[in-house]
Amino acid sequence: MANKPLVVHTVKDLRAQVRAFRATGERVALVPTMGALHQGHESLVRKAREAADRTVVSIFVNPAQFGPNEDFDRYPRTLDADVEKLSSLNVDVVYAPSVSEMYPDGHATTRITVEGPSAGLESDFRPHFFTGVATVVGKLFIQCMPDCAIFGEKDYQQLKVVTRMVRDLDLPIAIIPAPTLRETDGLALSSRNAYLTPQERAIAPIIHEALSRAATAIRAGANPEEAILRARQTISTRGLEVDYVVARNAETLAPLKQPGEPMRLLAAAWLGTTRLIDNLPA
Ligand code: PAF
């Protein structure tokens, strides 16, 4: 039976609710999102429900992680539909703060900057991004104080940055990864897929297809650099503008140094005015 979640908009109300859960010894999981929820988010919520007694989903389109020319203004905002979806998943609390609740004095002047896994890749193209993410996730963690938090592997570098932040700051929060959900043609689910025209939508699975072929070739003994170069060419040939297609150490995201390292293939490319990212193990 559907259970409508309690929707709170302030840190004070969130804390009161989480305190009430804790008072009876319940464990709390947080699923941080920017809303526009799709089945990928639903799978994060299911993981949260397995991991803890109570689930809090935050919905906040975080201005601090968007650059001045990025899609902050056009990012889909669908709070009512999101709450409806979360009702059928038995989420306990939706935390939907306003920008002024999250950043009362304007944008945060105290920021969290994580080094290590944030170097390169997304940071080369979105220099503000991980400081914006780490700052808001750090604030969400302190506001909610969950036992665990769920992050999708779709944003693999983000997952590694948050994991590093929690370790470096000794936050007592377990970071639980959740696998990427895909359409039947391989396209990774993303709120930004909503921007794609029908023609672009038909081309978009090429990123996953090219990465899969590279991963298969590498596992069969191909040189990673050559396999990656082919993937890059395949993606560009279909008219996408590639930001990066790389093979990296799956844990540190540093460039590969020696054979046998755990490997992750990561890509970001523009399809028209939409930027798509994806990644796979190899
Ligand atoms: O992955 C996202 O949706 C966002 O980057 C997050 C983690 C909610 C922080 O704003």
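Note that these values count all heavy atoms, side chains included, but never hydrogens, waters or copies made by symmetry. Note that ligands are numbered from 1 as they come in the structure, with each ligand's atoms numbered from 1 the same way.
Of the residues listed (Arg54, Lys4, Arg27), the one engaging Asp92 in a salt bridge (charged side-chain N to carboxylate O under 4.0 Å, His left out) is Arg54, and it is the only one.
Qualifying side chain to side chain donor-acceptor pair (under 3.5 Å) partners for Glu70, counting only residues two or more places apart in sequence or in other chains: Arg126, His128.
Using a 30° and 60° split on the angle between ring planes, Tyr75 and Tyr195 fall in the perpendicular class, above 60°.
Given atom 1 (O) of ligand 1, the protein heavy atom at minimum distance is Gln158 NE2, 2.8 Å. Of the protein's heavy atoms, Met34 CG, 3.5 Å lies nearest to atom 3 (O) of ligand 1.
When each atom of ligand 1 is checked for a heavy atom of Gln65 under 4.0 Å away, the hits are 4 (C), 5 (O), 9 (C), 10 (O). Near Val136, meaning under 4.0 Å from any of its heavy atoms, are these atoms of ligand 1: 9 (C), 10 (O).
For Tyr95 and Gln17, the side-chain atoms include no donor-acceptor pair closer than 3.5 Å.
Looking at Leu265 and Ile218, their side chains come closer than 4.5 Å, going by heavy atoms from C-beta outward.
By the criterion of a heavy-atom distance under 4.0 Å, the backbone of Thr33, and not its side chain, is placed next to ligand 1.
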